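Please read these numbers as outputs of a predicted model, since none were measured by experiment. As a basis for the values below, the full set of heavy atoms in this structure was taken, side chains included, without hydrogen atoms, waters or symmetry mates.
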There are 2 protein chains.
Amino acid sequence: MEIYQLEAFIAVSETGNLTRAAQMMNISQSALSSQIKALERELGVGLFIRQPRGMQLSRVGEKMISEARAVVQASLQMKQKAMDLHTRISGSLNIGINTDPKFLQVSDISKRMTEQMPGVSLSYIESRTFETSQMLRQEKIDVGFHYGRIQEDSIFSLTLSMVDICVVIPIGMAKHMEHERIETIATLPWVWTRHGCPFHLEFQNRLRGKNLKLNPVTEAVEENIVKELVKSGTGLALMRKDEALELVREGAAIIWNGFEMKILLGIACLEKRQSEKIISGFLNALKEKYKIS
Amino acid sequence: MEIYQLEAFIAVSETGNLTRAAQMMNISQSALSSQIKALERELGVGLFIRQPRGMQLSRVGEKMISEARAVVQASLQMKQKAMDLHTRISGSLNIGINTDPKFLQVSDISKRMTEQMPGVSLSYIESRTFETSQMLRQEKIDVGFHYGRIQEDSIFSLTLSMVDICVVIPIGMAKHMEHERIETIATLPWVWTRHGCPFHLEFQNRLRGKNLKLNPVTEAVEENIVKELVKSGTGLALMRKDEALELVREGAAIIWNGFEMKILLGIACLEKRQSEKIISGFLNALKEKYKIS
DNA sequence: TAGCGTTACGTAGGCCGTAACAATC
DNA sequence: GATTGTTACGGCCTACGTAACGCTA
């Protein structure tokens, strides 16, 4: 028993005529006849009385038609629900943020979204770049900020801007280091991260070109911790330039002149889910903010 | 979107595991995977999050699962209803009667049925033998008494007994007629029926063998009318022997000795519907009454 | 490596449409 | 003869199972 058979059942019961019902459903009379016959056979009851005039509901058929309608009705509701989940603009959106909320200007994003899609409630969830694609797939987040490119086919990503990255040297190690060659810099103690932070991946790529290896001393995952460790003179570190300049202003560190890097800031979502109204609305809001076509 | 896909959706959501769900449903993992994929594609939403552990409902899936359950639930109810209409012993039964209710002992039948199937309400509807099969097909009656054999494939019939039929001669025409030859009898005025009454069909068959034709004078459909017409001396008639004997007792007619005929009394229903509980129960009650194996 | 879901591919069942058929009015 | 539903038959789609694959822990 399948839904298409029940739809056939209903259509024939309404027209009382196999030919016209078949036209309505854009199939042949023959096919429709088979569908009805198969349904009757499976249920073990005669649904129609075949008369020269056409098909008339049997008494059993009259009792079954409401049940059939209930099934088809429920299936239509299910389809409708699926449509709603696509197109509705009320609901929630989990946003993965990979860095300082202040830097991402989260409050500005919230403001734009509450203007454009008032029904949507936003949640911000911490998501390191290397976790982003996994969290998207697991639907722990619906969209996620990230550094660098994401190569996976199943994930769509929009480039928002380029971020300057630089090397900071704690003030205690800074004497004459500002213009030092990289070979020396590499041997100094570094504050590092274990896992695929894009800053470090990219930096390592550049070092590998010169056959150099860093000397990591301390590991830290969170940016604020890195910042504190630099302040305390533990070691050199990679850092967004705006953060580095803060440290410079505080007199806690200097920026090494021998290195410059730009890394892209992007927003990602599942390829499949690009078309969902809430997600596409969010992406559009970011496009406006970052002035992307 | 079909019911088997929704059943797959539910099964996978419950096990959280495609392999086990496939085993439960006795299909291959591959087939089940395709079913889910097709459903997701048609609805345009991702129902599951594919994890190394297995299949976990997505947030959209969680919202859809109740709708899917509603559809499957409704379909099960429909199947159940079909079963009920087969097996239930409460409901109504329309019984076609082709002759005198007293002769059929309708009251005795009613008694047996109310004992054996208390929930069934019986309706008796007049149905001439020649109308019986049409009325069965149109479900105006569910079972019908009839004379003679019914040759149609779609109709099942049970022989109940053999009924004696004879020719009655009104007392006014009866002088020396009791032992008259058929050639003379045929020329007398007859009370006749226009349409296929099995008595007359069978009688005509016999006459045809002798190349004789009757002389019909008056037409009547209803047996009681025939009886009255015989009483009033209008003409000869075919009649059940028990009725004829009544007329003889009243001194209103005599029975012609030159003819004897037995015709079967049967009960018919649609071949398809033999297995329905109410109908088979009714047939069994009649089998007991008429002592048929 | 073990367990999971996905993909590839050949097969087979069944659903479809055309057309001939049967039945009724 | 017109209109109805049924049956026969051939084509094609698609759902299926087997098996190889990719992924993650």
Listed once per pair and sorted, the side chain to side chain donor-acceptor pair (under 3.5 Å) pairs that draw on residues 58-83 of chain A, sequence neighbours left out: A:E14-A:R69, A:R59-B:D142, A:Q80-A:D84

Can you tell me the distance, in whole Å, between the CD atom of A:Q51 and the C1' atom of D:dT3? 14 Å

Write down the distance between CG (A:L18) and C1' (D:dT7), rounded to a whole number of angstrom. 14 Å

Residue list, side-chain hydrogen bond (donor to acceptor under 3.5 Å, both in side chains) with A:N17, at least two apart or on another chain: none

Sugar-phosphate atoms are those with a prime plus P, OP1 and OP2; base atoms are the rest. Using that split, label each nucleotide of nucleotides 10-25 of chain D B, S or - for protein heavy atoms under 4.0 Å, 5' to 3'. -----SSBB-----S-

Sequence neighbours excluded, the answer for side-chain contact (heavy atoms from CB on, under 4.5 Å) partners of B:L6 is A:M78, B:M1, B:L39, B:A68, B:V71, B:V72

Residue pairs passing the side chain to side chain donor-acceptor pair (under 3.5 Å) test with at least one member in residues 25-43 of chain A, sequence neighbours excluded, are A:E40-A:R50

Range on DNA chain C touched by chain A - first to last nucleotide, heavy-atom distance under 4.0 Å: C:dC15 to C:dC25

The ring-ring contact (aromatic ring centres under 6.0 Å, His included) partners of A:F156 (sequence neighbours excluded) come to none

The complete set of ring pair (Phe, Tyr, Trp, His ring centres under 6.0 Å) pairs with one or both residues in residues 6-59 of chain B, sequence neighbours excluded, reads B:F9-B:F48

Parallel, tilted or perpendicular, as decided by the 30° and 60° cut-offs, for the rings of B:F282 and B:F145: perpendicular

Sorted by chain and residue number, the side-chain hydrogen bond (donor to acceptor under 3.5 Å, both in side chains) partners of B:E276 (sequence neighbours excluded) come out as B:R273

